[in-house]
Amino acid sequence: MTNWCMAWLAAATVQAVLFSLAPVPAAGQTQTATETGVVRRTAEGTPDLSGIWQVMNTAAWDIQDHPAQKGVPAGQGVVEGNELPYLPAAAAKKKANYDNRATADPETKCYLPGVPRITYMPYPFQITQSQKQVTILYEYVHAVRNIFLGTPHIKGPIDWWMGDSRGRWEGNTLVVDVLEFNDETWFDRAGNFHSDALHVVERYTPVGPDLINYEATIEDPKVFSKPWKMSMLLYRHKEKNAQILEYECFSF
Amino acid sequence: MRKSWSTSAFRFESNIAARRPLEGGSALKNWFSSSAIAAAALAVALSLTSVPVAGQWSKTHPITAGCPSPAAGFHPCALGKAKTFNPSKTPDGQPDLQGIWEAPVAMGFQNIEDFPGDPSPGGFGPAITSIVDPPDGRVPYQPWARAQRDENVAHYIDPYAQCLPTSVPRQMANFRTREITQFSGYITIVNEAGGHIYRVVYTDGRPHVGPDIKLWMGDGRGHWEGNTLVIETTNLNGRAWFDSEGQFYSDSMRVVERLTMVDVNTIHYQATMDDPKVYTRRGRWFGRSNASRKKVTSRWRRRATRAITTRQASPWAGSSHISGQDFQDKLLPGLCAFLVTEDQWNLESRAL
């Protein structure tokens, strides 16, 4: 908890200090993007997202509004408008997933969690960056995403747990288009799910030196009647000794 | 390195890692042979039999950087060449090791010692020892540990075949590629295969994490000695093996790896292992202990005085006994997924 508090304090301080500096407009800004300030940049001038990041929310349990349960902290959802536009059959499946979540959740089997779920698992991840690619190293099961910049998707269909990620810069925003998923991952521990037709567009927008606004637009015509969006903040780990450890789920 | 450490128990030369060529038939051949290996690895997973891997592979790469591939020949030859090779530098002045690398010989994958090969169907091909020190090419196990190693082979499944992380140093001997990228303050090594593994090696001088934190991939700290990247790894959980033949270490192991460019496409890779629980060690350490001295029969046998008297339930032998069906049900899905790098994909696309 101490680290969390410190991160909060640090973020608040940074916000206070930088509030008067030239604000950077955040592309695709939502209600979560409240911090303004100087964005770190690489030598080439693109925003520098490198560092160790983690969410500070309860989306891992449920991406929608939810009350507390034993072992589950209450939380405000991260879905815009809170409701998910499930098709009728999919809504029934979601309910069944929820009822059977103790065993049916792919996380309980230690599978790779997919995108965007891995972003808001309760584990940190490290972003490294070059001109050619952005790489995300997740503490959870040593998952790795290579986000290649400026190259097209591979020709599918291929079913991958973490999809095929292709990125581009739009102003200060890293836009990542993710395709070629399998249908075996969920969005959270509450049974929200997708099919292999999933298409995710992630937007990483730094809104300060230590804060990224993260958005994911979800499109899946087999499961949802229309696209929907979630958004949240990623906080930089600023502890002096911060580093990624490991959670090798299937080794326990 | 820090002088307070006991002197190394043995050195392991996984063979070198050569930058993967992006053009030409040999690259494609590598790709296909890797694919075959991947398929074969899957076959292991499914059938729990062994794989013909590095035996054939080694024959396709007899000479690397003008040096013979077997470790005993490559080691002095490559280090000699490295003395006169001046690698290019990154913008902040580090020798540039960046790129996608493979271990073309990968003989250490099935067995780091001399290995006649397994004649049974699907068994591993022969291997030439990767160990350059001690000169007999054998892991200097304490007696109980040699017995444990035999037990591992007889009754346990290679943790790697269960898609558990390869750990250190096997990460560098594993088939398929690993990408090394250098940043200010840290270096990343990301593998394609091996339970989607990576290491972030800090070079900013920070201390290791506390001793109670045990990690499959250990806690690596790097620094430069001339043109050589030195990585010192501690905090290993000791549950992985060196190879598929049960060669093991414990959670007390320290590994010091040295990566030196030999030419523009070749790295000399060396790892020095130090594990007082499992290997025999230098007399100095034991000279201060109460252990009785034994007759010296070789440099490595001198300290064969300390054995762990209470054998634990094989914490070094993989996660557990596991049945084939459990393996398929519980472990296989999604765990052995391969990462594909951009260059790898280019190769693949071209091949198609």
Side-chain angles (χ1 to χ4, degrees), chain A residues 42-43 48 50-52 106-114 125-130 132-133 135-155 158-162 164-166 180 182 184-185 239-252, chain B residues 91-92 98 159 162-165 179 181-188 190-192 194-202 204 206-210 213-220 235 237 239-240 318-320 329-335 337-346 348-349 352:
Chain A
T42 64
D48 184 0
S50 63
I52 299 175
E107 185 191 348
T108 64
K109 301 170 186 139
C110 296
Y111 295 170
L112 283 165
F125 53 87
Q126 183 158 11
I127 299 179
T128 70
Q129 190 174 329
S130 70
K132 204 180 81 172
Q133 78 181 62
T135 304
I136 310 184
L137 308 171
Y138 298 92
E139 179 165 300
Y140 186 73
V141 301
H142 281 117
V144 177
R145 286 174 68 200
N146 284 317
I147 301 169
F148 304 117
L149 303 178
T151 52
H153 279 293
I154 57 170
K155 239 185 181 171
I158 295 178
D159 284 351
W160 277 338
W161 293 87
M162 303 296 286
D164 179 60
S165 299
R166 303 287 155 167
E180 310 293 353
N182 68 22
E184 297 189 47
T185 63
E239 303 85 359
K240 241 179 133 177
N241 62 349
Q243 73 178 68
I244 296 292
L245 299 173
E246 53 186 40
Y247 186 84
E248 212 55 55
C249 182
F250 42 94
S251 71
F252 301 124
Chain B
D92 63 350
Q98 297 182 104
Q162 304 170 41
C163 299
L164 289 164
E179 182 162 24
T181 317
Q182 292 164 239
F183 301 94
S184 175
Y186 62 98
I187 291 167
T188 60
V190 181
N191 285 55
E192 272 183 90
H196 8 87
I197 49 162
Y198 61 82
R199 275 194 287 168
V200 179
V201 176
Y202 283 94
D204 60 1
R206 68 176 66 189
H208 281 292
V209 297
I213 297 176
K214 298 296 185 188
L215 302 163
W216 282 91
M217 299 305 293
D219 188 49
N235 300 79
N237 71 6
R239 289 176 58 188
S319 54
S320 60
D329 290 349
K330 186 178 152 199
L331 291 171
L332 199 58
L335 302 184
F338 281 53
L339 281 166
V340 177
T341 64
E342 182 86 320
D343 289 336
Q344 186 77 62
W345 180 253
N346 289 342
E348 198 173 355
S349 302
L352 298 171

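Letters A, B, ... mirror the listed sequences (proteins, then strands); counts begin at 1. In this text, all values refer to a predicted model and were calculated from it rather than measured experimentally.
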- Does any donor atom in the side chain of A:Thr128 or A:Gln126 lie under 3.5 Å from an acceptor atom in the other side chain? no

When the 4.5 angstrom heavy-atom criterion is applied to B:Asp204 and chain A, the contacting part is neither

Heavy-atom distance under 4.5 Å between the side chains of B:Tyr186 and B:Arg206, does that happen here?
no

Rounded to the nearest 0.5 Å, the OH atom of B:Tyr198 sits from the CD atom of B:Glu179 at a distance of 15.0 Å

Under 4.5 Å to a heavy atom of chain B? For A:Gln129 that would be backbone

Would you say the side chain of A:Ile52 lies within less than 4.5 Å of the side chain of A:Ile244, judging by non-hydrogen atoms?
yes

Okay, A:Tyr247 and chain B: the region with an atom under 4.5 Å from a heavy atom over there is neither

